[in-house]
2 protein chains.
Amino acid sequence: MKIITKKEKFFEETLKLISERGFKATTMRDIAERMNFEVANIYNYIESKDALLENYLFDMLIEFTSYLDNIVTSSYSPVEKLKLVISRHVQYTAIKPYEISLFVNEWRNLNGPKLKEFEEMRMSYMQKVEKLIMEGIENGELRHMNTEFTTFMIFSSMRWLFNMVINEKEKINPIEMEKQLMDFIFKGIERK
Amino acid sequence: MKIITKKEKFFEETLKLISERGFKATTMRDIAERMNFEVANIYNYIESKDALLENYLFDMLIEFTSYLDNIVTSSYSPVEKLKLVISRHVQYTAIKPYEISLFVNEWRNLNGPKLKEFEEMRMSYMQKVEKLIMEGIENGELRHMNTEFTTFMIFSSMRWLFNMVINEKEKINPIEMEKQLMDFIFKGIERK
DNA sequence: GTCTATAATTCGATAGAC
DNA sequence: GTCTATCGAATTATAGAC
């Protein structure tokens with residue numbers, strides 16, 4: 001059995017609350033109530049509500065970017081690389097759905113320069129994936145298509161997976177979820 | 001040139017503001033400032049902030065449900081029906097991206113019973129589409145697959161389109177957007 | 001329809017004692 | 001680390017005059 005510190009519990013419960021209600025709709029009083037202590041105690045763990053969101057989002061963005069760069073600079077083929085990226089997203093979603101929920105829904109609540117920085121990093125991430133798709137088309141692994149649109153569609157397909165993970169009563173099998181998603185993206189739904 | 005009343009302008013600008021910043025993050029002061037009048041004037045057009053959101057979301061949900069029911073009870077084949085549903089979503093998104101943005105991102109801000117009602121209607125909508133996919137598999141138009149997952153994926157693919165419409169500088173061609181989406185969903189990205 | 005003024009509440013955050 | 005107490009700002013909404 002895993003020992004969990006009060007600090008870990010704080011971040012876990014806060015993440016769930018924000019994921020369920022939204023960042024703006026989650027008040028410090030909500031968090032304190034969930035933790036069974038007073039509002040002032042929250043500031044033992046974080047410096048501000050905004051800083052909490054920033055830390056979550058940029059930690060994830062940096063982690064994902066780092067992982068993608070390792071894939072890109074490897075010697076796999078373009079489509080193999082693309083599948084590794086998708087696999088990473090699915091497996092991460094299966095393990096940390098609330099983090100993904102935050103990432104998908106709450107980045108808009110970043111302030112000024114941080115918002116801009118976030119959007120630029122995310123854009124850069126997507127462009128790297130689009131490049132993989134372009135290369136896949138060039139070497140004949142993928143069919144001809146609008147790469148910007150397709151990149152957009154692949155991210156759209158992955159983006160909402162966290163909802164399924166959070167909502168499904170019976171535990172989802174991440175391996176099967178990945179297989180279904182790969183088939184959907186690469187083969188489509190039409191019968192050959 | 002279209003004549004636009006102040007009331008129409010109010011709903012248009014308010015929709016854009018909420019879409020950009022989020023429902024909770026958009027204050028009555030923001031709206032009044034955009035409209036170049038005082039906060040009190042807002043209540044000439046709506047009875048409350050919550051009612052504004054409710055009206056938008058349920059109007060759309062009812063409209064979509066009604067349209068889907070007409071498709072379902074028609075004599076088209078399951079896959080033809082499915083394509084009509086997808087087409088409807090794409091074309092609606094092309095014309096009213098801010099409405100879709102609201103629909104996708106802000107339903108969580110509904111209160112108590114309204115939230116439950118919304119979720120049930122949306123669930124019912126998705127189940128009707130899943131039934132089309134099941135029938136498509138049965139009659140051999142679609143390959144065998146997990147229908148719940150696939151339904152989820154199709155909606156995920158469509159859900160984020162509004163972002164492309166809003167962000168793209170050069171006007172998007174809705175017909176081409178629909179073609180790319182249909183190819184993505186039905187054929188996948190792999191080269192045959 | 002538009003304004004001024006303000007009510008009533010809720011918000012994030014801090015001071016300071018224990 | 002936890003509490004009480006509270007601040008100052010922001011929020012939705014209303015009253016009532018013009």
Side-chain angles (χ1 to χ4, degrees), chain A residues 2-58 102 105-115 118, chain B residues 2-58 102 105-115 118:
Chain A
K2 194 183 167 192
I3 305 294
I4 188 169
T5 67
K6 192 146 195 180
K7 183 170 184 175
E8 285 169 339
K9 181 170 158 51
F10 166 81
F11 281 105
E12 193 180 309
E13 295 295 334
T14 301
L15 182 64
K16 278 191 191 175
L17 267 181
I18 295 178
S19 164
E20 287 163 9
R21 306 182 189 181
F23 179 73
K24 287 277 184 187
T26 304
T27 70
M28 302 311 241
R29 285 161 178 81
D30 291 334
I31 296 173
E33 190 183 11
R34 178 75 70 104
M35 289 296 293
N36 287 316
F37 59 36
E38 299 303 313
V39 172
N41 294 9
I42 294 174
Y43 297 90
N44 292 332
Y45 304 122
I46 61 172
E47 46 180 277
S48 74
K49 197 187 174 192
D50 286 339
L52 172 73
L53 183 65
E54 276 179 25
N55 290 335
Y56 261 122
L57 294 185
F58 280 92
L102 207 74
N105 289 319
E106 308 302 340
W107 58 268
R108 269 190 312 179
N109 296 304
L110 289 170
N111 291 322
K114 284 291 176 185
L115 175 61
F118 180 88
Chain B
K2 193 183 166 193
I3 305 293
I4 190 169
T5 67
K6 192 146 195 181
K7 183 170 183 175
E8 285 169 339
K9 182 171 157 51
F10 166 80
F11 281 106
E12 193 180 309
E13 295 295 334
T14 301
L15 182 64
K16 277 190 192 174
L17 267 181
I18 295 177
S19 164
E20 287 163 9
R21 307 182 188 181
F23 180 73
K24 287 277 184 188
T26 304
T27 69
M28 301 312 237
R29 282 169 179 77
D30 292 335
I31 296 172
E33 190 183 11
R34 179 75 69 102
M35 288 296 293
N36 287 315
F37 59 36
E38 299 304 313
V39 172
N41 295 10
I42 294 174
Y43 297 91
N44 291 332
Y45 304 122
I46 60 172
E47 46 179 278
S48 74
K49 197 187 175 193
D50 286 339
L52 172 73
L53 183 65
E54 276 178 26
N55 290 335
Y56 261 122
L57 295 185
F58 279 93
L102 208 73
N105 289 320
E106 308 302 340
W107 58 269
R108 269 190 313 179
N109 296 302
L110 289 170
N111 290 322
K114 284 291 176 184
L115 176 60
F118 180 88

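Given the structure is predicted, the values throughout are model-derived calculations rather than measurements. Below, chain A is the first sequence line, B the second, and so on; all start at residue 1.
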Restricting to salt bridge (charged side-chain N to carboxylate O under 4.0 Å, His left out), what partner residues turn up for [X], sequence neighbours left out?
X	result
A:Arg29	none
B:Lys24	none
B:Glu20	B:Arg34
A:Lys6	none

key: Proximity to DNA chain C (any heavy atom under 4.0 Å), residues of residues 25-55 of chain B only   = B:Phe37, B:Glu38, B:Ala40, B:Asn41, B:Asn44, B:Tyr45

key: Leading and trailing nucleotides of DNA chain D with any atom under 4.0 Å from heavy atoms of chain B   = D:dT11 to D:dA15

request  = With sequence neighbours excluded, tell me which residues meet side-chain contact (heavy atoms from CB on, under 4.5 Å) with A:Ser19.
outcome  = A:Tyr98, A:Ser101, A:Ile166

ask   = Quick one: side-chain contact (heavy atoms from CB on, under 4.5 Å) partners of B:Ala32, sequence neighbours excluded?
value = B:Phe37, B:Val39, B:Ile42

remark   = residues 2-35 of chain B vs ring-ring contact (aromatic ring centres under 6.0 Å, His included), sequence neighbours excluded, gives B:Phe10-B:Tyr45

